[in-house]
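Whatever order the structure lists ligands and atoms in, that order sets their numbers, starting from 1.
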Amino acid sequence: MDKKTIRDISLKNKRVLARVDYNVSLFDGFRIGDDLRIKQSLPTLRYLLGKGCTLFLAAHLGRPEGKPQPKFSLKPVQKHLQTLLGKPVGFITDYVDDKADKSIASVKPNSVNLLENLRFYPGEEKNDPEFAKKLAAYGEVFVNDAFGVCHRAHASTVGVTQFLPAGAGLLLEKEVELITKAITHPQRPLVVIVGGAKAETKIPLIGSLMNKADSILIGGGLADTFLKAKNYDIGISQVNPAMVGKAKQFLAASGKNGKAKLILPADVIVGHLDRGKLFGVEPAQDIQDDMDSLDIGPKTLVTFGKIIGAARTIIWNGPMGYFERPEYATGTEFVYQAVAENRDSFSIVGGGETLTALPKEEYLETIDHVSTGGGAMLEFIEKGTLPGIKALQKSS
Ligand code: ADP
Ligand code: MG
């Protein structure tokens, strides 16, 4: 990477403010659903500790929208990090009222300290310079290791770089290198799989993915907007009306002039979330009026499975269905299996919920890279960089 990394910065015994991605899923308010993101930050933390650094870790959890909310506290993450690191981790709950000096004085040298959820403060997402300055006060050096939030220009990704020498952590560096490898001169066929819920952010990225991939498999909630664009009857499935036009445009260009072929579900599993009932399989063009499409259906699995099996490069973000309920998890589990079993491909899987949906730990052995970023990964593929990466100094 052409940016400074922690190997280019002098770190000995310094205070380091490190942005990490600990946006994990919590169940019952405290049980961590999936700790892959926390585990992936450990090499950087250990590297910095080995240099004698004192660490202040900054992270967010969920969408507390600028105010403290106990259910979004990082306290469970602090406890889990302690276990993983085998060393105490301090917890700093209030860091805006010019308390940096006091809390810095109170921590031991070479210790690890986690700041409470950044998004409890409105200044974080607004990239408020005052807030960024207060955060920056914790470090003498800033390290960004949170690829999954680099597509957001927030105080903790971009703002703080105004105040501190900044470089990429080991995980961020690895993410950038592996994703770059997958998209520059990829082994073909290059198959991109997109799903999940965020139609407004993901659909616009499909246009540029069509210039790079051979096929794009579309599942999850995202597919409903494409089915709508084909004028199918889709019942009460969630559509993003603002994105239907774009979806039509992409469908018209599918497979033409060297562009990727878009593959939509041929059938879906329909149900009704409120009534909590599984209703069965329906063709994608003819979903009953009061039904919601919640997973991809069996014919679609066969088609997707064949294309994934023949791929030489695979990039996947977004679950294929409402996997949080087991009756709608089959599509996502099947795609995981298909990706993991294709040992001839270079495969990258990323995204918060996508990783939460991982059905078997052993799949991680054959998936080449598990990215902390979903939206960030797709945007990086489109633009070749991200605001949080751009903000890091160039290496000289
Ligand atoms: P990621 O975090 O991996 O980038 P997203 O945040 O875009 O993924 O979306 C994940 C969410 O999408 C999951 O919570 C899942 O339940 C939901 N989802 C996927 N498919 C459907 C569907 N067909 N209907 C409703 N929700 C869906
Ligand atoms: Mg998500």
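Ranking the protein heavy atoms by distance from atom 7 (O) of ligand 1 puts Lys202 NZ, 2.6 Å first. At the shortest separation from atom 13 (C) of ligand 1 among protein heavy atoms lies Glu324 OE2, 3.4 Å. Scanning the protein heavy atoms around atom 19 (C) of ligand 1, the nearest turns out to be Gly321 O, 3.1 Å. In this structure, the protein non-hydrogen atom closest to atom 9 (O) of ligand 1 is Ala197 N, 3.0 Å. Looking only at heavy atoms of the protein, atom 23 (N) of ligand 1 is closest to Ser293 O, 3.2 Å.
Electrostatic pairing of Arg37 and Asp21 counts as a salt bridge here, judged by a charged N lying under 4.0 Å from a carboxylate O. Remark: Arg7 engages Glu173 in a salt bridge, criterion side-chain N to carboxylate O under 4.0 Å.
Residue contacts with ligand 1 do not include Gln238, since none of its heavy atoms lies under 4.0 Å from the ligand.
Against a heavy-atom cut-off of under 4.0 Å, Asn317 is close to the following atoms of ligand 1: 1 (P), 3 (O), 4 (O). In summary, the atoms of ligand 1 found under 4.0 Å from a heavy atom of Pro319, numbered by their order in the structure, are 3 (O), 8 (O), 10 (C), 19 (C). For ligand 1, the atoms sitting less than 4.0 Å from at least one non-hydrogen atom of Thr354 are 1 (P), 3 (O), numbered in the order shown with element in parentheses. For ligand 1, the atoms lying closer than 4.0 Å to a non-hydrogen atom of Gly221 are 19 (C), 20 (N), 21 (C), 22 (C), 23 (N). Residue Leu294 has at least one heavy-atom neighbour below 4.0 Å for each of these atoms of ligand 1: 23 (N), 24 (N). Numbered from 1 in the order shown, with element, the atoms of ligand 1 that lie under 4.0 Å from a heavy atom of Gly352 read 1 (P), 2 (O), 3 (O).
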side-chain contact (heavy atoms from CB on, under 4.5 Å) between Val268 and Leu294, worked out: CA-CA 7 Å; Val268 291; Leu294 292 165; over 6 Å; no
Candidate pair Tyr121 and Tyr95, rule ring-ring contact (aromatic ring centres under 6.0 Å, His included), full reasoning: CA-CA 10 Å; Tyr121 300 99; Tyr95 46 94; 4.9 Å; yes
Test log, rule side-chain hydrogen bond (donor to acceptor under 3.5 Å, both in side chains), inputs Lys228 and Asn240: CA-CA 9 Å; Lys228 181 78 193 169; Asn240 188 317; over 6 Å; no
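A cation-pi arrangement is found for Lys181 relative to Phe346, the charged atom lying closer than 6.0 Å to the ring centre and inside a 45° cone about the ring normal.
Here the shortest heavy-atom distance to atom 25 (C) of ligand 1, taken over Phe323, Tyr322, Tyr328, Trp316, belongs to Tyr322. Comparing heavy-atom distances from atom 10 (C) of ligand 1 across Met377, Met320, Arg325, Glu353 singles out Glu353 as nearest.
The backbone N or O of Lys75 lies less than 3.5 Å from no partner atom in the side chain of Lys79, so there is not a single donor-acceptor pair.
Taking any N or O of Asp292, backbone or side chain, none lies under 3.5 Å from an N or O belonging to ligand 1. Residue Lys198 has at least one nitrogen or oxygen atom sitting less than 3.5 Å from a nitrogen or oxygen atom of ligand 1, judged on distance alone.
Residues Val349 and Met377 do not share a hydrophobic cluster, defined by chaining ILVMFWY side chains whose heavy atoms lie under 4.5 Å apart.
Here the closest non-hydrogen pair linking Thr354 and Pro319 is OG1-CD, 3.6 Å.
Of all N/O/S atoms in Glu353, OE1 sits nearest the Mg ion (ligand 2).
Among Asp368, Thr313, Thr366, the one residue that satisfies the side chain to side chain donor-acceptor pair (under 3.5 Å) test with Ser347 is Asp368. Of the candidates Leu36, Leu61, Leu74, Val24 forms a side-chain contact (heavy atoms from CB on, under 4.5 Å) with just one, namely Leu61.
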